[in-house]
**Student:** 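Please find one structure pasted underneath; my questions will follow.
Below, chain A is the first sequence line, B the second, and so on; all start at residue 1.
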Number of protein chains: 2
Amino acid sequence: MTARERILEAAYSCFSRKGYFGTTTREISQAAGVSEVTLFRLFGSKKELFREVLINYSIIPDIRAISVPEGSGEEVLIDIGLKLFFSLREKKEFLKILLSEVTGLTEEVEEVYSRFVETLEELLGRVFSSALSLSEGESRTKVKVFRSALFGFFISEEVFQGRELPYEDVIRFVKSLSAAVSGGRG
Amino acid sequence: MTARERILEAAYSCFSRKGYFGTTTREISQAAGVSEVTLFRLFGSKKELFREVLINYSIIPDIRAISVPEGSGEEVLIDIGLKLFFSLREKKEFLKILLSEVTGLTEEVEEVYSRFVETLEELLGRVFSSALSLSEGESRTKVKVFRSALFGFFISEEVFQGRELPYEDVIRFVKSLSAAVSGGRG
DNA sequence: CTTTTATGTAAGTAACTGCTTACATAACCG
DNA sequence: CGGTTATGTAAGCAGTTACTTACATAAAAG
């Protein structure tokens, strides 16, 4: 691994554990096993390094890579719900960084977050209108419910409580959510 | 207002806008209109002040104060959903502080968060088992869906996007969520 | 009136932080 | 070989930060 990569990785880890202001450049360089001078030579400033981390570890490509499952009805929602949940889990550190920068939101962090929600809703929008047969308006609201629930669940259970839920708990939740959203008039 | 109160209020505001590490004690004391020495005399340390802010502005009493509505069915869920949403909004700053401290979670912040979720689930548990007629297990999972969706929705739309949703949007969401959760087998 | 209490001003300290400069070294490239 | 490139060490600087000490003052309490 190049020095650049090692620094990026170390920065990712540090920022996600202690936030932007809680992390020092000394700390990052030590964790990366390089000198602090190298860090500044390669990235110019702490802020710039932070930006690169945000780009490098973004969850957005992961979400884009999720394929819309064939078929229809509840089963499809369960499938996509699980895929999304485990994508969130895989990028937990990235999401922690995002959350911790909610205060003093710089435009760029805000933009990253907006694109994250857009990407999610776009994917779910496609799934919902193909798998369930819903009007544009119905679909949009249900997508919001589904997306919010999944995201809220992940944040509460995994990020804040700092644990990793057993598979059955995740399944139970996603099934319940999918059933709720795919049934009824809501 | 006493100096103590002014400092608490200023600290609350600063921490919610810039996080713990992003805020300096100088800043707080200036915002409070007192000298920095006074801040340290009254609170001992920055950390202690932070703790007091967390206690003083906690959302938990707000949630405890919400009365379980009479009646049954979907209407009740809508009622409680709206009450909860507007409680979250009223304590947005507190929640921002909580979110921003998700990195480097101290035990105390983690505990505050746990109690927050417990309080929420307890309230919703009572509502769900009285208003809908559900078994213990069904109720518990539906409560999780309801709670996660509401919380996730609030965080995405209001905290991260930094805006205040128009009332109709909130209503539409809560109605859709309530319908989804109260109908079906989920 | 005198003491206590609450607050202020001034000054400063020790540690830390982001970042820079100067110089060495070792590997790789033509 | 000679030069470029990537990295390291050492030193440090200027600014900031949490927090302290010493002393003044004015109001409140007894």
**Student:** Closer than 4.0 angstrom, basic N to acidic O: yes or no for B:Lys92 and B:Glu158?
**Tutor:**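 Yes, this pair counts.
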**Student:** Which letters describe nucleotides 9-20 of chain C, given B = protein heavy atom under 4.0 Å from base, S = only from sugar-phosphate, - = neither?
**Tutor:** BB------BBBB
**Student:** Check A:Glu108 with A:Lys47, please: is the shortest side-chain N to carboxylate O separation under 4.0 Å?
**Tutor:**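 No salt bridge links A:Lys47 with A:Glu108.
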**Student:** Would you mind checking if B:Glu136 and B:Arg140 are paired as a salt bridge, meaning a charged N to carboxylate O distance below 4.0 Å?
**Tutor:** yes
**Student:** Rounded to the nearest angstrom, tell me the gap between atom CZ in A:Phe43 and atom P in D:dA6.
**Tutor:**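 My rounded result for the distance is 14 Å.
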**Student:** Could you tell me how far apart A:Gln30 (CD) and D:dG8 (P) are, to the nearest whole angstrom?
**Tutor:**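 These atoms are roughly 12 Å apart.
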**Student:** What is the separation between atom CD1 on A:Ile7 and atom P on D:dA6, rounded to the nearest whole Å?
**Tutor:** 13 Å
**Student:** Specify the separation, in whole Å, of atom CE of B:Met1 and atom P of C:dT7.
**Tutor:** 13 Å
**Student:** Does the pair B:Arg51/B:Glu48 count as a salt bridge with the N-to-O cut at 4.0 Å?
**Tutor:** yes
**Student:** In this structure, how many angstroms lie between the P atom of C:dT7 and the CG atom of B:Leu39, rounded?
**Tutor:** 12 Å
**Student:** Using a strict 4.0 Å threshold on nitrogen-to-oxygen distance, state whether B:Lys144 and A:Glu157 make a salt bridge.
**Tutor:** yes
**Student:** Is any NZ, NE, NH1 or NH2 atom of the basic residue among A:Glu138 and A:Lys142 found under 4.0 Å from an Asp or Glu carboxylate oxygen of the other?
**Tutor:**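 Salt bridge flag = no for A:Lys142 with A:Glu138.
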